[in-house]
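I have placed the structure first, in the form of structure tokens, so that the comments after it can refer back to it.
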Amino acid sequence: MSQPRVSPGTRRSAVVTGGARGIGRAICAELVERGYDVLVTDVDAAGAQRTATELGAHSGLALDVTDPAANRAAADLAREIAPLGAWVCNAGVAFDGDVPELTDEQVRLTVDVNVLGVMWGLRVAIEAFRAQASDGVPGGEIGVLASLSAHAPVPGLSVYAATKAAVLSVVTSVAAELHGDGIGVHAVCPDGVATAMVDGFDVRGGAREALAAGVMLTPEKVAAELVGMFGTARVVKTLPAWRGGIARTASLAPAASMHADRAMRRLGAYRLRRAGLR
């Protein structure tokens, strides 16, 4: 059963990466509501502080998740506020387009932020939780924002999908490594989410067609589902569940799924035209 709130009479801090806007902001709001002293972090320092002020979080901090030392400094600061209770790896980037269309810089940034940024965060969070356990403060929760694209071929978002598949693999492996430590590790794999990132994709591109053919979720829904796994044994949740089933089937038979993909993209293009976006 989920443990929705920090226990009365105790204080626990939480770090959220990429927390200034979108899903990250919604996660910060969810954690504030559940009693955590939230440290909002983002590469946009002003945005992080603004979000912290608006949500009633503890504070905002500039954080480049690709810098291991910066992640460790954020963990140290959070522990000065209160024992670390949760670390959420939300920061991510995405560039739509076929692999040859992306620049070297876009490919490198996507891997650095989406994969290495998560690994650095996981490492410092685990170190902090284990140190606290030695001091008599056991437990902790790690949340990771993965993607439905981790489960299936996604033409037009190949590099992004590859990074999310890597992240999902890391999460499931780390969850097994930490079994018995009292540290929860959880990943949410949502379908499309109404964010500025998605709005920035080419409306005539294949990625927008694929997203339009699926289910567009709100940041608040994703945040509630991810944080709702805290205190449970659940490691991975796909939103919505039925889309996860379809995605996994496509991954098992990628050649056959190409026919279904074309049909889904036609549906997405139709929906975009109906919405007046094409």
Side-chain angles (χ1 to χ4, degrees), residues 18 21-26 90-111 113-115 144-168 187-226 236-278:
R21 57 188 57 81
I23 299 171
R25 178 189 172 96
N90 165 76
V93 298
F95 302 97
D96 61 321
D98 294 345
V99 171
E101 297 172 357
L102 302 180
T103 67
D104 295 348
E105 291 75 17
Q106 287 174 327
V107 172
R108 187 175 299 279
L109 182 62
T110 304
V111 174
V113 173
N114 294 4
V115 179
V144 178
L145 202 291
S147 169
L148 181 69
S149 65
H151 294 297
V154 188
L157 282 176
S158 299
V159 175
Y160 174 79
T163 63
K164 292 303 183 178
V167 162
L168 189 59
V188 67
C189 300
D191 202 345
V193 186
T195 62
M197 178 187 291
V198 171
D199 289 342
F201 292 165
D202 181 2
V203 74
R204 296 193 173 278
R208 282 296 295 272
E209 289 177 348
L211 290 168
V215 177
M216 193 62 67
L217 303 163
T218 65
E220 292 75 19
K221 171 66 173 175
V222 176
E225 293 287 349
L226 176 58
V236 178
K237 178 178 283 189
T238 304
L239 304 176
W242 66 269
R243 284 281 284 169
I246 292 174
R248 291 182 183 91
T249 300
S251 184
L252 291 172
S257 74
M258 293 179 189
H259 301 289
D261 178 72
R262 285 194 289 270
M264 292 294 287
R265 288 175 188 276
R266 287 195 294 270
L267 173 61
Y270 170 73
R271 288 180 173 176
L272 289 169
R273 288 194 297 271
R274 285 202 62 182
L277 297 175
R278 283 190 170 182

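Bear in mind that the values here come from a model prediction, so they are computed numbers and not experimental data. Because only heavy atoms are used, hydrogens play no part in the values below, and waters and symmetry mates are left out as well, while side chains stay in.
- Residue pairs meeting the salt bridge (charged side-chain N to carboxylate O under 4.0 Å, His left out) criterion with at least one partner in residues 213-226, sequence neighbours excluded, are K221-E225, E225-K237.
- The line from OG of S147 to OH of Y160 is 4.0 Å long, rounded to the nearest 0.5 Å.
- Residues meeting the side chain to side chain contact (heavy atoms under 4.5 Å, CB included) test with A166, sequence neighbours left out: V115.
- Here the CG atom belonging to L157 is positioned 11.0 Å from the CG atom belonging to L148, to the nearest 0.5 angstrom.
- The heavy-atom pair separating A146 from A187 by the smallest distance is CB-CB, 4.5 Å.
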With a 3.5 Å cut-off and sequence neighbours excluded, list the donor-acceptor pairs that the side chains of residues 93-102 form with protein atoms.
from : atom 1 : to   : atom 2 : distance (Å)
D96  : OD2    : D202 : N      : 2.9
E101 : OE1    : D98  : N      : 3.1

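- Take R21 and apply the side chain to side chain contact (heavy atoms under 4.5 Å, CB included) test, not counting sequence neighbours, and it matches D42, D44, R50.
- Considering all non-hydrogen atoms of both residues, A212 and G268 come closest at CB-O, 3.6 Å.
- Side chain of N90 to main chain of G18: a donor-acceptor pair is present (N/O by atom type, distance under 3.5 Å, no hydrogens or angles).
- With sequence neighbours left out, R265 forms a salt bridge (charged side-chain N to carboxylate O under 4.0 Å, His left out) with D261.
- Pairs passing the salt bridge (charged side-chain N to carboxylate O under 4.0 Å, His left out) check and including a residue from residues 266-278, sequence neighbours excluded, read E209-R278.
- Expressed to the nearest 0.5 Å, how far CE of M216 lies from OG1 of T195 amounts to 8.0 Å.
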Might you work through the side-chain contact (heavy atoms from CB on, under 4.5 Å) test for V198 and R208, ending with a clear yes or no? CA-CA 8 Å; V198 171; R208 282 296 295 272; 4.2 Å; yes

